[in-house]
Undergrad: 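Got a structure here, written out as structure tokens. Questions coming.
Every number for a ligand or one of its atoms is a count from 1 in the order of the listing. Values reported hereafter were calculated over all heavy atoms of this structure, with side chains retained and with hydrogens, waters and symmetry mates removed.
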Amino acid sequence: MVKPIRYKTIEWVGGLDGQLRLIDQTLLPGECRVVTCEEIEPLWEAIRNLRVRGAPAIGVATAYGVVLGIRKAPTTATLFEKLGEACDYLSRCRPTAVNLFWALDRMKRVAESVRTMPVDAIKARLLAEAQAIRDEDAATCWAIGQAGQHLIQEGAGVLTHCNAGGLATAEYGTALAIMYAAREAGRRFLVYADETRPLLQGARLTAWELAQAGIDVTVICDNMAGLLMRQGKVSLVVTGADRIARNGDTANKIGTYSVAVLARAHNVPFYVAAPLSTFDLATADGTAIPIEERPADEISKGFGRVTVPEGVACYNPAFDVTPANLIEGIITEKGIIRPVTQEVIEQFFQDGTCKAKEKG
Ligand code: MRU
């Protein structure tokens, strides 16, 4: 499949004494700079300030963060102490993307399973697990692309919100993997990228990725989606997800819910693309999903320019929840979950496949 990004979004270089390298996404599209993290604190800062972002990429970065947190422990006892501290610290970084907590649970389980091994062997096992999480994410995103690419017809107009591309994952992306796969299959189509206020992930990141891959992309302001749909320019909406509750309610970047409502009003199918690691079956519905609230100055002084009078309040929730009934289907690495109901999701997780629900 097309590989749009020249550098790896997240890469561990070297052995246990190596370093984690990340593309600093806050600098894109002006500059593509790689930053290195050798301690857990700079990684925490990188996740918190969206240098690395997007639910699956946050999961991968978190797994490596655990390695950074434990790698200097001299004994097994200190390693497990550091592991507890690292998990606690990282869990306070960003609250909404469930992949962060999923990765922490997986790293903790692996550590427990090798507790009786020599301390260096435990460290090596944890690094191997973080690498496996990274590699699996790339393979998963590729499979999501294959599962959903038929939804993009020749000449389609596809709207997406935020960035659910290679920058938001280990490779390829989720919503954007579908576009890369459809392009690879020879179809031509136009993507409308919502600019995605306040941090402009759509304008800065999605447009950057798609343009490099040779996919036709046009950036629109978030408040233009309704007009485009009314003009008949949008035949499909695909977004990513940060957390999907057991009933299918889906948290994603703020503004996704508005796009889903518009899509329903204009009879445009609205799909979510996400790996199974983004499902949170312990959360019954969207009301229980924690929504991150970010600093007001992301709105009032976005990118350095004062755009709100001094002293005026700004409210800045980073995510919203799209109710399951507005979602046509959820495209996963195992196929498309459709219709999006609790019953179908539970059945899907029991079977480990969606063969009964969707083909083609
Ligand atoms: O605040 P961000 O940039 O981390 O938000 C990212 C999103 O909302 C993405 O759409 C989501 O994480 C899916 S990424 C495949």
Undergrad: Are Ile331 and Ile178 side-chain neighbours, meaning at least one heavy-atom pair lies under 4.5 Å?
TA: yes

Undergrad: Would you mind telling me which of Glu298, Arg197, Glu293, Arg294 makes a side chain to side chain donor-acceptor pair (under 3.5 Å) with Asn316?
TA: Glu298

Undergrad: Would Asp242 count as a contact of ligand 1 if the rule is a heavy atom under 4.0 Å away?
TA: yes

Undergrad: What part of Arg94, side chain from CB on, backbone N/CA/C/O, both or neither, has a heavy atom under 4.0 Å from ligand 1?
TA: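 Arg94 to ligand 1: side-chain contact only, backbone stays beyond 4.0 Å.
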
Undergrad: Applying a 4.0 Å heavy-atom criterion (strictly less than), which segment of Lys253 is in contact with ligand 1: side chain, backbone, both, or neither?
TA: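 For Lys253, the contact with ligand 1 is made by both the backbone and the side chain.
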
Undergrad: At under 4.0 Å between heavy atoms, is it the side chain or the backbone of Thr256 that contacts ligand 1, or both, or neither?
TA: neither

Undergrad: Please confirm whether Pro56 approaches ligand 1 to less than 4.0 Å, judged on its heavy atoms.
TA: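 Flag set, Pro56 near ligand 1.
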
Undergrad: Hey, which atoms in ligand 1 end up nearer than 4.0 Å to a heavy atom of Gln201?
TA: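 So the answer, numbered in order with elements, is 1 (O), 2 (P), 3 (O).
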
Undergrad: Classify the side-chain pair Gln149/Tyr180 by whether it contains a donor and acceptor separated by less than 3.5 Å.
TA: no

Undergrad: So is Asn163 touching ligand 1 or not, going by heavy atoms under 4.0 Å?
TA: yes

Undergrad: Closest heavy-atom contact between Val306 and Val308?
TA: CG1-O, 3.5 Å

Undergrad: Would you indicate which of Ala241, Ala168, Gly255 comes nearest to atom 13 (C) of ligand 1 when only heavy atoms are counted?
TA: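 Ranked by closest heavy atom to atom 13 (C) of ligand 1, first place is Ala241.
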
Undergrad: Answer side chain, backbone, both or neither: which part of Ala55 comes under 4.0 Å from ligand 1, heavy atoms only.
TA: both

Undergrad: So that I can tick it off, tell me whether Arg48 and Glu292 are bridged by a salt bridge, with the cut-off set at under 4.0 angstrom between side-chain N and carboxylate O.
TA: yes

